[in-house]
Amino acid sequence: MSEPPTPSQPPRTLPGPRPVLSWPAVTGFGVLGLLWPLLRLIGLESIVGGIATAMIAFLATSIIWVLGAGFGHVPRPVLTLTLAGILFAFLLGGTSILIGDWPDHSIGLNLLAGTIEVGRSAGFGALSGLVAESIQKAQRR
(Lines give C-alpha, C1' and ligand atoms only; values in the text may rest on other atoms or scores of the structure.)
Protein backbone atom coordinates (compact mmCIF):
# COMPACT_ATOMS: atom_id res chain seq x y z
CA MET A 1 0.00 0.00 0.00
CA SER A 2 1.18 3.45 -0.66
CA GLU A 3 1.28 6.10 2.01
CA PRO A 4 -0.48 9.44 1.56
CA PRO A 5 1.85 12.26 0.57
CA THR A 6 3.24 14.44 3.31
CA PRO A 7 3.32 18.25 3.00
CA SER A 8 7.00 18.11 2.04
CA GLN A 9 6.34 15.43 -0.55
CA PRO A 10 4.07 16.45 -3.44
CA PRO A 11 1.57 13.90 -4.70
CA ARG A 12 2.75 11.84 -7.63
CA THR A 13 0.84 12.51 -10.79
CA LEU A 14 0.54 10.12 -13.64
CA PRO A 15 1.26 11.37 -17.10
CA GLY A 16 -2.03 12.01 -18.84
CA PRO A 17 -3.50 14.13 -21.52
CA ARG A 18 -2.15 17.63 -21.79
CA PRO A 19 -4.38 20.32 -20.32
CA VAL A 20 -6.71 22.00 -22.73
CA LEU A 21 -5.98 25.42 -24.09
CA SER A 22 -7.36 28.35 -22.11
CA TRP A 23 -9.18 30.53 -24.63
CA PRO A 24 -9.92 33.23 -22.04
CA ALA A 25 -6.15 33.48 -21.44
CA VAL A 26 -5.47 33.69 -25.19
CA THR A 27 -8.06 36.45 -25.52
CA GLY A 28 -6.92 38.32 -22.41
CA PHE A 29 -3.27 38.31 -23.40
CA GLY A 30 -4.08 39.09 -27.04
CA VAL A 31 -6.16 42.15 -26.13
CA LEU A 32 -2.93 43.81 -25.03
CA GLY A 33 -2.52 44.55 -28.75
CA LEU A 34 -4.79 47.51 -28.01
CA LEU A 35 -2.31 48.98 -25.50
CA TRP A 36 -0.08 50.77 -28.00
CA PRO A 37 -2.93 52.43 -29.93
CA LEU A 38 -4.52 53.38 -26.61
CA LEU A 39 -1.29 55.01 -25.41
CA ARG A 40 -1.13 56.91 -28.70
CA LEU A 41 -4.76 58.03 -28.48
CA ILE A 42 -4.35 59.38 -24.94
CA GLY A 43 -1.39 61.46 -26.09
CA LEU A 44 1.55 59.68 -24.49
CA GLU A 45 3.37 59.62 -27.83
CA SER A 46 3.39 63.42 -28.03
CA ILE A 47 4.86 63.59 -24.52
CA VAL A 48 7.55 60.89 -24.56
CA GLY A 49 7.93 60.24 -28.30
CA GLY A 50 6.99 57.42 -30.65
CA ILE A 51 9.84 55.04 -29.87
CA ALA A 52 9.42 55.44 -26.11
CA THR A 53 5.68 54.80 -26.38
CA ALA A 54 6.31 51.67 -28.45
CA MET A 55 8.90 50.46 -25.91
CA ILE A 56 6.53 51.08 -22.99
CA ALA A 57 3.80 49.05 -24.73
CA PHE A 58 6.27 46.30 -25.70
CA LEU A 59 7.80 46.00 -22.23
CA ALA A 60 4.43 46.11 -20.48
CA THR A 61 3.10 43.40 -22.78
CA SER A 62 6.23 41.26 -22.27
CA ILE A 63 6.05 41.50 -18.51
CA ILE A 64 2.31 40.80 -18.36
CA TRP A 65 2.57 37.83 -20.73
CA VAL A 66 5.52 36.18 -19.01
CA LEU A 67 4.48 36.80 -15.42
CA GLY A 68 0.77 36.24 -16.08
CA ALA A 69 1.25 32.94 -17.88
CA GLY A 70 4.17 31.81 -15.71
CA PHE A 71 2.81 32.54 -12.27
CA GLY A 72 -0.83 32.19 -13.33
CA HIS A 73 -0.25 28.53 -14.22
CA VAL A 74 -1.78 28.99 -17.66
CA PRO A 75 -1.97 25.60 -19.38
CA ARG A 76 0.24 25.21 -22.46
CA PRO A 77 1.88 28.64 -22.16
CA VAL A 78 3.83 28.45 -25.42
CA LEU A 79 0.76 27.72 -27.53
CA THR A 80 -1.38 30.12 -25.49
CA LEU A 81 0.98 33.05 -25.96
CA THR A 82 1.67 32.20 -29.61
CA LEU A 83 -2.06 32.41 -30.33
CA ALA A 84 -2.28 35.53 -28.17
CA GLY A 85 0.50 37.02 -30.31
CA ILE A 86 -1.50 36.35 -33.47
CA LEU A 87 -4.59 38.00 -31.96
CA PHE A 88 -2.33 40.84 -30.76
CA ALA A 89 -1.12 41.43 -34.34
CA PHE A 90 -4.62 41.47 -35.79
CA LEU A 91 -5.86 43.89 -33.12
CA LEU A 92 -2.82 46.13 -33.49
CA GLY A 93 -3.11 46.17 -37.29
CA GLY A 94 -6.85 46.67 -37.23
CA THR A 95 -6.71 49.57 -34.81
CA SER A 96 -3.82 51.12 -36.74
CA ILE A 97 -5.96 51.04 -39.88
CA LEU A 98 -9.00 52.42 -38.05
CA ILE A 99 -7.16 55.37 -36.51
CA GLY A 100 -5.29 56.08 -39.73
CA ASP A 101 -1.76 55.15 -38.65
CA TRP A 102 -1.23 52.30 -41.13
CA PRO A 103 0.78 53.53 -44.14
CA ASP A 104 -1.15 53.03 -47.36
CA HIS A 105 1.36 51.88 -49.95
CA SER A 106 -0.19 49.21 -52.12
CA ILE A 107 -2.26 46.16 -51.42
CA GLY A 108 0.73 43.87 -51.90
CA LEU A 109 3.02 45.80 -49.55
CA ASN A 110 0.25 46.18 -46.96
CA LEU A 111 -0.40 42.42 -47.02
CA LEU A 112 3.32 41.74 -46.72
CA ALA A 113 3.63 44.13 -43.78
CA GLY A 114 0.59 42.56 -42.10
CA THR A 115 2.00 39.06 -42.60
CA ILE A 116 5.34 40.12 -41.14
CA GLU A 117 3.56 41.66 -38.13
CA VAL A 118 1.58 38.47 -37.50
CA GLY A 119 4.77 36.38 -37.74
CA ARG A 120 6.70 38.74 -35.48
CA SER A 121 3.96 38.80 -32.87
CA ALA A 122 3.50 35.02 -32.97
CA GLY A 123 7.26 34.58 -32.50
CA PHE A 124 7.25 37.09 -29.66
CA GLY A 125 4.39 35.15 -28.07
CA ALA A 126 6.21 31.83 -28.48
CA LEU A 127 9.38 33.20 -26.86
CA SER A 128 7.35 34.69 -24.01
CA GLY A 129 5.61 31.33 -23.64
CA LEU A 130 8.95 29.53 -23.34
CA VAL A 131 9.99 31.87 -20.54
CA ALA A 132 6.60 31.43 -18.83
CA GLU A 133 6.91 27.65 -19.16
CA SER A 134 10.33 27.74 -17.52
CA ILE A 135 8.83 29.74 -14.64
CA GLN A 136 6.11 27.11 -14.27
CA LYS A 137 8.68 24.29 -14.28
CA ALA A 138 10.82 26.09 -11.69
CA GLN A 139 7.78 26.49 -9.44
CA ARG A 140 6.99 22.77 -9.65
CA ARG A 141 10.44 21.85 -8.29
Side-chain angles (χ1 to χ4, degrees), residues 2-141:
S2 105
E3 295 179 22
T6 62
S8 64
Q9 182 182 23
R12 295 178 66 172
T13 57
L14 298 173
R18 296 185 76 170
V20 294
L21 188 64
S22 172
W23 287 105
V26 170
T27 305
F29 289 129
V31 166
L32 287 173
L34 300 173
L35 181 61
W36 188 5
L38 178 67
L39 292 175
R40 295 180 85 186
L41 285 174
I42 64 172
L44 185 66
E45 187 172 83
S46 61
I47 297 169
V48 299
I51 293 175
T53 302
M55 292 307 297
I56 289 168
F58 176 76
L59 290 173
T61 300
S62 300
I63 291 167
I64 292 168
W65 280 9
V66 168
L67 297 180
F71 290 110
H73 303 290
V74 171
R76 304 181 76 177
V78 177
L79 180 59
T80 298
L81 291 179
T82 300
L83 292 173
I86 293 169
L87 177 59
F88 177 98
F90 278 106
L91 289 173
L92 183 61
T95 54
S96 295
I97 290 169
L98 286 175
I99 63 177
D101 286 340
W102 191 269
D104 188 20
H105 297 295
S106 69
I107 217 143
L109 286 177
N110 285 341
L111 286 174
L112 178 63
T115 303
I116 290 170
E117 180 60 33
V118 169
R120 184 202 62 80
S121 295
F124 169 57
L127 288 174
S128 298
L130 287 170
V131 175
E133 188 174 57
S134 68
I135 290 172
Q136 288 181 0
K137 286 180 182 178
Q139 283 185 323
R140 283 186 219 128
R141 287 186 220 154

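Everything quoted here is computed from the prediction, not taken from an experiment.
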Can you tell me how far [atom2] of [Y] sits from [atom1] of [X], rounded to the nearest 0.5 angstrom?
| X | Y | atom1 | atom2 | value |
| --- | --- | --- | --- | --- |
| I64 | L59 | CD1 | CG | 11.0 Å |
| F58 | I63 | CZ | CD1 | 10.0 Å |
| L127 | T82 | CG | OG1 | 8.5 Å |
| L35 | T95 | CG | OG1 | 10.5 Å |
| I56 | T61 | CD1 | OG1 | 11.5 Å |
| L32 | L38 | CG | CG | 11.0 Å |

Closest heavy-atom contact between [X] and [Y]?
| X | Y | answer |
| --- | --- | --- |
| W65 | G85 | CH2-CA, 3.6 Å |
| G68 | V74 | O-CG2, 3.9 Å |
| A69 | F29 | N-CZ, 3.6 Å |
| G30 | L87 | CA-CD2, 3.9 Å |
| V26 | A84 | O-CB, 3.6 Å |
| V78 | A126 | CG1-O, 4.1 Å |

Take S62 and F124 through the test side chain to side chain contact (heavy atoms under 4.5 Å, CB included) and record every step on the way to the result. CA-CA 9 Å; S62 300; F124 169 57; 3.1 Å; yes
Backbone N/O of V118 and side chain of S121: donor-acceptor pair under 3.5 Å: no
Give a yes or no on whether the backbone of R76 and the side-chain of Q136 come within a donor-acceptor separation of less than 3.5 Å. no
According to side-chain contact (heavy atoms from CB on, under 4.5 Å), who are the partners of V66, at least two apart in sequence or on a separate chain? S128, V131, I135
Hey, mind stepping through L21 and L83 against side chain to side chain contact (heavy atoms under 4.5 Å, CB included) and telling me if it holds? CA-CA 10 Å; L21 188 64; L83 292 173; 3.4 Å; yes
Step through the shown structure and confirm whether more than 12 heavy atoms of other residues, nucleotides or ligands are within 6.0 Å of CD1 on I42. yes
Atom CG of L111: over 12 foreign heavy atoms under 6.0 Å: yes
